[in-house]
Structures are given as C-alpha cells and as structure tokens.
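Everything on this sheet refers to the single structure shown next.
Order of the sequence lines fixes the chain letters, A, B, ..., with proteins taken first and strands second; residue numbering starts at 1 for each chain.
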There are 2 protein chains.
Amino acid sequence: MKTAEKTSSVGTRERIVRATSRLLQRQGYEGTGIKQISREAEATLGSVYHFFPGGKQELAAEAIRHGDQEFAVILRAGLGSAEDLTAAVTTCTTLLARELRGSDWQDGCPITTTALETVGRAPVIEQAVTEAFANWQAIVEERLRTAGIGAEDARELAGTVINTLEGAELAAQVARSEEPLHIAGRHLARLLATYLPQD
Amino acid sequence: MKTAEKTSSVGTRERIVRATSRLLQRQGYEGTGIKQISREAEATLGSVYHFFPGGKQELAAEAIRHGDQEFAVILRAGLGSAEDLTAAVTTCTTLLARELRGSDWQDGCPITTTALETVGRAPVIEQAVTEAFANWQAIVEERLRTAGIGAEDARELAGTVINTLEGAELAAQVARSEEPLHIAGRHLARLLATYLPQD
DNA sequence: TACTGGATAGAGCGTTCGTTCTAGAGAGGG
DNA sequence: CCCTCTCTAGAACGAACGCTCTATCCAGTA
C-alpha cells in the first residue's frame with residue numbers, strides 16, 4: 001500500500017491540513033484562498049482537490065478538526081498541570097497567553113474566526129465546530145468532576161470556562177496584551193472555588 | 001447647507017453605515033462586498049465612495065463604531081434594569097439571548113467577526129474595535145463601582161464580564177441555544193457577588 | 001514490458017472582488 | 001441664466017476567487 005517514508009517530512013495531505021488550519025486561524029475562512037493554501041502547503045491545486053474533492057468547505061472542516069485537537073492538547077496540558085484546580089486553570093490562561101504573545105498576537109483560538117464567519121451557512125463546517133466545542137467542554141468538565149464538583153454544576157461551569165477563555169483570548173488579541181487572559185484565569189479560579197466541596 | 005428632510009427616511013450615508021454594520025455582523029469583513037453593501041443600502045457605488053473615499057476599511061471602521069453604540073445601548077439597558085447588580089447582569093444575558101434567537105441566531109456581537117478577521121492587518125478598523133471594547137468595559141465598570149466594588153476590582157471584573165458575554169454569545173450562536181448565555185449570566189452574577197461589599 | 005491508479009501539475013473557466021473614472025442630476029448663490 | 005458643488009449613477013479595470021479539466025508522473029502488479 002505505502003512504501004516506508006523515505007524522508008522525515010509529512011505527507012502532502014497532512015501539509016495541506018496544517019497550512020489550512022493555520023491560515024484559517026489567522027485570516028479566517030473568507031480571507032483565505034485555496035491557491036494560497038496550496039502555495040503555503042507546498043502542494044499543487046491538483047493535490048488539494050484530489051484529497052478534498054468537497055472543495056473549500058470540506059478542507060476547512062478538516063482543518064477545524066485539526067485545530068480542535070491542537071487546542072485540546074493545550075487544554076489538557078494546563079488542566080493536568082496541578083492537583084489544585086484553581087492553579088490548573090490559571091496555568092491554562094498562562095499557556096494561552098504565552099502562545100498568543102509568541103505569535104505576535106496572531107494565533108488566537110484556531111477555530112473562532114471561521115466559526116463566526118460560517119455560522120448558519122456551511123453545515124459541514126458548523127458540524128466540526130460544534131464537535132470541537134463539545135470536545136473542549138468535555139475535557140474541562142471531567143477535570144471539574146475530578147475536583148469534586150457535582151455533575152450538573154461541572155457541565156455548566158465547563159461551558160463558562162471555555163466561553164470565558166474564548167472571550168479573553170479575543171480581548172488579548174485585540175489589545176495585544178496578556179492581561180485579559182491572566183485576569184480571566186483569576187476570576188475563573190475564584191468562581192470555581194465557590195463550587196469546590198470544602199467550601 | 002441642508003434643506004429640511006422632506007421624507008422621513010434617513011440619509012444615504014446613514015443607510016450605507018447601517019447596512020454595512022449588519023452585513024459585517026452576519027458575514028464578516030472578507031465575506032462582505034462593497035457592491036452588496038451598496039445594493040443592500042439602496043445606494044450606488046458612486047455614493048459609497050463619495051462618502052467613504054478611504055474605501056472598504058474606512059467604511060468598516062465607521063460600521064464598527066455604529067455597532068459599538070448599538071451594543072452599548074443593550075448593555076446600558078440591561079445594567080440599568082435593576083437595583084440589584086446580579087439581577088442587572090442576568091438581564092443583560094437575557095436581552096442578548098432574545099436578540100440572538102429573534103434573528104435566528106444570526107446577529108451576535110456586531111463587531112467580533114470583523115475584529116478577528118482584521119486583527120493585525122487593518123489599523124483603522126483595529127482602532128475602532130479597541131475603542132468599542134474600552135467603551136463597553138467602561139460602561140460595566142461604572143455600574144460595578146456604583147454597586148460598591150472597588151476601583152481596581154471593578155476595572156478587572158468589567159473586562160471579564162464583557163469577555164464572558166462575548167464568549168457565551170459565540171457559543172450560543174454556534175449551538176443555536178440560549179443556554180450558554182443564561183448560564184454565563186448566572187456564573188457572572190455569582191462571581192460578582194463575591195466582590196460585593198456586604199460579603 | 002505493459003498496465004493500472006493514486007498523486008501531481010497547472011492552464012483556464014466564469015465570476016466576483018475593490019477600486020477608479022467619467023458623466024450627469026439637481027439645488028443654491030451670483 | 002449660469003456656475004458651482006454635492007451627490008448619484010454605473011461602466012470598466014486588473015486581480016483574485018473557487019473550481020474543472022486534461023495531461024503527466026511514477027511506484028506496484030502482472
């Protein structure tokens with residue numbers, strides 16, 4: 001089926017998905033052209049349409065799924081960084097802030113822009129976006145339950161944690177400052193503390 | 001200078017700004033064309049470039065300022081709806097949820113999409129976005145101080161309130177559900193309560 | 001060697017983009 | 001009456017858009 005990889009480089013399909021994900025993150029859906037993607041991925045237009053016969057929408061949906069995983073990694077890293085729940089949450093915001101600053105405030109949430117642009121008009125993409133949000137919420141929810149928060153509270157709080165992180169990341173990007181994220185971390189920690197069993 | 005308005009309709013410039021604002025809210029910056037704007041505003045291309053010689057960017061910046069005021073009205077209405085701070089906050093989320101559902105989940109925050117698309121690449125627009133966020137934060141901050149919260153806490157909390165509302169509105173739009181907004185309202189109320197003087 | 005099918009390559013389709021430009025409409029002042 | 005100036009009107013420009021299409025390359029199999 002496939003010969004062993006001769007070089008250490010990744011396959012064409014993977015390069016296309018990665019390039020698309022990064023471009024969507026930085027320029028959004030409408031602002032990103034297929035030709036720019038193929039250029040950036042060092043693939044030809046023929047290859048793009050070979051792997052993604054569904055065109056731009058199918059490609060974007062796959063890129064969203066890629067961004068989903070990417071963000072989930074950060075989330076898990078932050079949430080698993082400490083026994084203390086509130087410390088874990090602030091680690092999350094610190095990680096996000098670092099990544100944001102490191103990219104000169106360019107790389108915010110990998111899917112938000114595309115999500116907003118396509119809401120209500122591109123079902124394939126919306127589906128991927130919905131799954132990503134649900135995935136992130138589930139990750140946070142599980143951590144909250146581990147910390148002893150009840151099922152229903154954990155579910156609702158997880159949603160608010162994700163939403164607040166999203167909003168703070170947007171604000172940080174616009175303001176070119178880590179402050180909104182750090183503040184969000186502190187406020188989320190304080191909110192969660194009111195639900196912790198020992199209270 | 002100007003003859004008295006003969007009809008009750010608004011002027012051409014105003015129609016252009018309103019149409020642009022609504023289109024940017026729903027389709028974002030890259031997804032909205034000048035010709036679509038002129039069509040929607042019932043103005044000609046000549047009129048658009050007459051009033052906005054700076055082109056699409058200048059027009060978008062003006063539309064952002066329009067959206068700024070629009071959102072500020074809702075914010076003030078919600079925050080001023082009750083003596084009780086926490087009740088006022090949940091009124092905000094209720095108002096936003098109503099508007100969102102009423103537009104079939106189309107009309108979220110009037111500026112977020114454009115803000116994300118143009119961050120770091122359209123200074124004129126970024127400026128308008130920054131001012132809008134600062135404006136909203138100031139509105140919330142003042143209300144928090146009225147409720148007796150200290151200056152620094154009020155400033156930081158105001159930022160988180162705006163950010164969380166932004167994030168929750170995005171989630172509500174994607175999920176086509178009022179729930180994220182209502183939950184955000186409850187959590188924000190709870191967070192704010194921990195800062196209230198009588199605690 | 002001949003054949004097959006996945007992958008690559010890019011010219012070209014019709015359309016739309018943001019912008020420019022010229023022309024004219026219409027009211028107000030001289 | 002004409003001149004001026006604001007505003008309206010839309011044709012036209014080059015560039016970029018998403019996508020289709022044919023041609024070619026090349027490893028694997030027979």
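Other residues, nucleotides and ligands contribute over 12 non-hydrogen atoms within 6.0 Å of the CD atom of B:Glu152. Annotation: A:Arg98, atom CZ; neighbour count of heavy atoms from other residues, nucleotides and ligands within 6.0 Å does not exceed 12.
The side chain of A:Ser47 places no N or O atom within less than 4.0 Å of a non-bridging phosphate oxygen (OP1 or OP2) of C:dA9.
In summary, A:Glu62 and A:Arg13 engage in a salt bridge, as defined by a charged side-chain N under 4.0 Å from a carboxylate O.
Remark: C1' of D:dC17 and CD1 of A:Ile37 are 12 Å apart, rounded to the nearest angstrom. Separating the CZ atom of A:Phe52 from the C1' atom of C:dA7 is a distance of 14 Å, rounded to the nearest angstrom. At whole-Å resolution of the value, NE2 in B:His50 and P in D:dT6 are 7 Å apart. In this structure, the CZ atom of B:Phe51 is 9 Å from the C1' atom of D:dT8, given to the nearest Å.
Sorted by residue number, the list of members of residues 114-127 of chain A with any non-hydrogen atom under 4.0 Å from DNA chain C is empty.
Each salt bridge (Lys or Arg N to Asp or Glu O under 4.0 Å) pair with one or both residues in residues 126-145 of chain A, not counting sequence neighbours, appears once here: A:Glu126-B:Arg176.
Looking at A:Thr164 and B:Thr164, their side chains do bring a donor and an acceptor atom within 3.5 Å of each other. Looking at B:Gln27 and A:Glu30, their side chains never bring a donor and an acceptor atom within 3.5 Å of each other.
For A:Arg190 and B:Tyr195, the positive end sits near the middle of the six-membered ring, less than 6.0 Å away and at most 45° from its axis.
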Practice prompt. Let me have a per-nucleotide readout for nucleotides 11-25 of chain C, 5' to 3', with B, S or -, counting only protein heavy atoms under 4.0 Å.
Written response: BB----BBBB-----

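Between the side chain of A:Ser21 and the main chain of A:Val17, no donor-acceptor pair closer than 3.5 Å is present.
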